[in-house]
Amino acid sequence: MRISVLLRRLASCLLCAGLAACASPPMRAADGQDPRFQPTSASDILVQTRWDLARWSRPGGALRPVPHPSSTSRPITAEFIHEQGAPRMMGFAGCNAYSAPYTLANGLLIVRASPVATRKACAPQAMALEQDFLAALTRITASSFDNANNPQRMTWKLSTGDTLDFGRRADPIAGGQRGPTKLVYVDAERVPCDTGAGRAMCYRVRDSAAQPWQPWHGEITGFDFQPGVQYRLRVVEVNDPDPPQGASSLRWVLDAVIEQHVVGR
């Protein structure tokens, strides 16, 4: 009899605790941010960025010599773009140009396939450094950035215990073009629209929160849109060198996700 009463009381307490948890406001992360508002979790923060290798640290802290920009040397570089929606990493490895597909998952840079490189011959020291750098791409176990919205420094930790530090330089420009930078809001849902070449799904955008939503008939290169999430983006506006028939001649290239918020939560 006593066990039955205790079980009923325990069930009642658990029910009350569950209801209180459901009704309570969302917990905040360690940095104090509302978990509904996470600046870059849904987009590739590396797209449209270019980096120079600044330092190569061996296990224990010893530094490996690496080339730096000068009139006589060219730095090892890493550049990240999206080609028809597919993420691609490319750059100069010390002697040859290279290219490889990549993934950015929860802040970790992943290069699963060995990079493809040209076959120019260089001095033995440069070739050895290049081979080690290309091998390092598939040995990244951790990657970090100094700023989640607009990173200027990037660090790779390798399975060998080495650490590679990069500094950001001038970003690549889509189609070789420069354009104005602007801030735009992007709505949580795309809407049917007429692009001139037929019906399509367009973003709804606006320049400020006080303005009405307007359909955007162009693309936003590098933007990983998730339905149900409202965004504020910083984009570079460029002319599309080969727009689809009847589509807008302007294209936006994602520079940074400034903020995002799950609608209705």
Side-chain angles (χ1 to χ4, degrees), residues 26 29 33-49 80-89 101-110 145 147-151 171-265:
Q33 289 187 341
D34 189 322
R36 298 172 300 174
F37 178 79
Q38 297 297 331
T40 59
S41 60
S43 294
D44 183 353
I45 62 172
L46 284 176
V47 67
Q48 285 298 117
T49 63
F80 301 88
I81 64 171
H82 283 193
E83 291 182 337
Q84 298 180 344
R88 180 159 294 279
M89 175 184 183
Y102 77 93
T103 301
L104 192 66
N106 296 321
L108 173 62
L109 174 62
I110 302 171
F145 308 92
N147 186 300
N149 289 332
N150 187 25
D171 294 341
I173 302 298
Q177 304 178 71
R178 294 188 177 276
T181 299
K182 61 186 300 183
L183 293 173
V184 295
Y185 290 88
V186 179
D187 198 12
E189 300 295 336
R190 302 177 83 170
V191 295
C193 61
D194 189 350
T195 63
R199 301 291 286 174
M201 298 297 290
C202 289
Y203 296 109
R204 295 207 315 161
V205 304
R206 59 189 180 189
D207 293 334
S208 74
Q211 295 177 332
W213 294 108
Q214 300 290 338
W216 169 251
H217 297 85
E219 291 298 321
I220 307 178
T221 302
F223 178 42
D224 182 15
F225 174 76
Q226 300 294 325
V229 180
Q230 194 174 100
Y231 300 87
R232 193 181 190 204
L233 310 178
R234 184 170 66 238
V235 298
V236 179
E237 189 172 72
V238 300
N239 289 316
D240 194 330
D242 186 25
Q245 183 178 4
S248 172
S249 62
L250 291 178
R251 176 156 53 96
W252 288 344
V253 177
L254 178 67
D255 184 42
V257 177
I258 302 302
E259 61 186 51
Q260 66 184 50
H261 181 73
V262 177
V263 174
R265 291 187 58 187

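Because only heavy atoms are used, hydrogens play no part in the values below, and waters and symmetry mates are left out as well, while side chains stay in.
Among Leu46, Val47, Ile45, the one residue that satisfies the side chain to side chain contact (heavy atoms under 4.5 Å, CB included) test with Thr49 is Leu46.
Shown here are the ring-ring contact (aromatic ring centres under 6.0 Å, His included) partners of Tyr102, two or more places apart in sequence or in another chain: Phe80. Applying the salt bridge (charged side-chain N to carboxylate O under 4.0 Å, His left out) test to Arg190 and every residue at least two apart in sequence or in another chain returns nothing. For Ile110, the side-chain contact (heavy atoms from CB on, under 4.5 Å) test picks out Thr103, Ala105, Leu108, Arg112, with sequence neighbours left out. Listed by chain and number, the residues in a side-chain contact (heavy atoms from CB on, under 4.5 Å) with Pro212 are Gln214 (sequence neighbours excluded). Shown here are the salt bridge (charged side-chain N to carboxylate O under 4.0 Å, His left out) partners of Arg234, two or more places apart in sequence or in another chain: Asp255.
Looking only at side-chain heavy atoms (C-beta outward), Arg204 and Pro215 stay at 4.5 Å or farther from each other.
Nearest approach of Val186 to Val205, heavy atoms of both residues: CG2-CG1, 4.2 Å. The two residues Phe145 and Pro151 come nearest to each other via the heavy atoms CB-CB, 3.8 Å. In terms of heavy atoms, Leu254 sits closest to Val235 at CA-CG1, 4.4 Å. Taking all atoms of both residues into account, the shortest heavy-atom contact from Pro227 to Glu189 is CB-OE1, 4.1 Å.
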Check against side chain to side chain contact (heavy atoms under 4.5 Å, CB included), Val184 and Trp252 = CA-CA 10 Å; Val184 295; Trp252 288 344; 3.9 Å; yes

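Judged purely by atom type and a 3.5 angstrom limit, Arg206 uses its side chain to pair as donor or acceptor with the backbone of Gln211. When atom types are taken as modelled, the side chain of Tyr231 and the backbone of Gln226 share a donor-acceptor pair closer than 3.5 angstrom.
Distance CG/Leu233 to CZ/Phe225: 10.5 Å, rounded to 0.5 Å. Interatomic distance, CD1 of Ile81 versus CE of Met89, reported as 12.0 Å (0.5 Å rounding).
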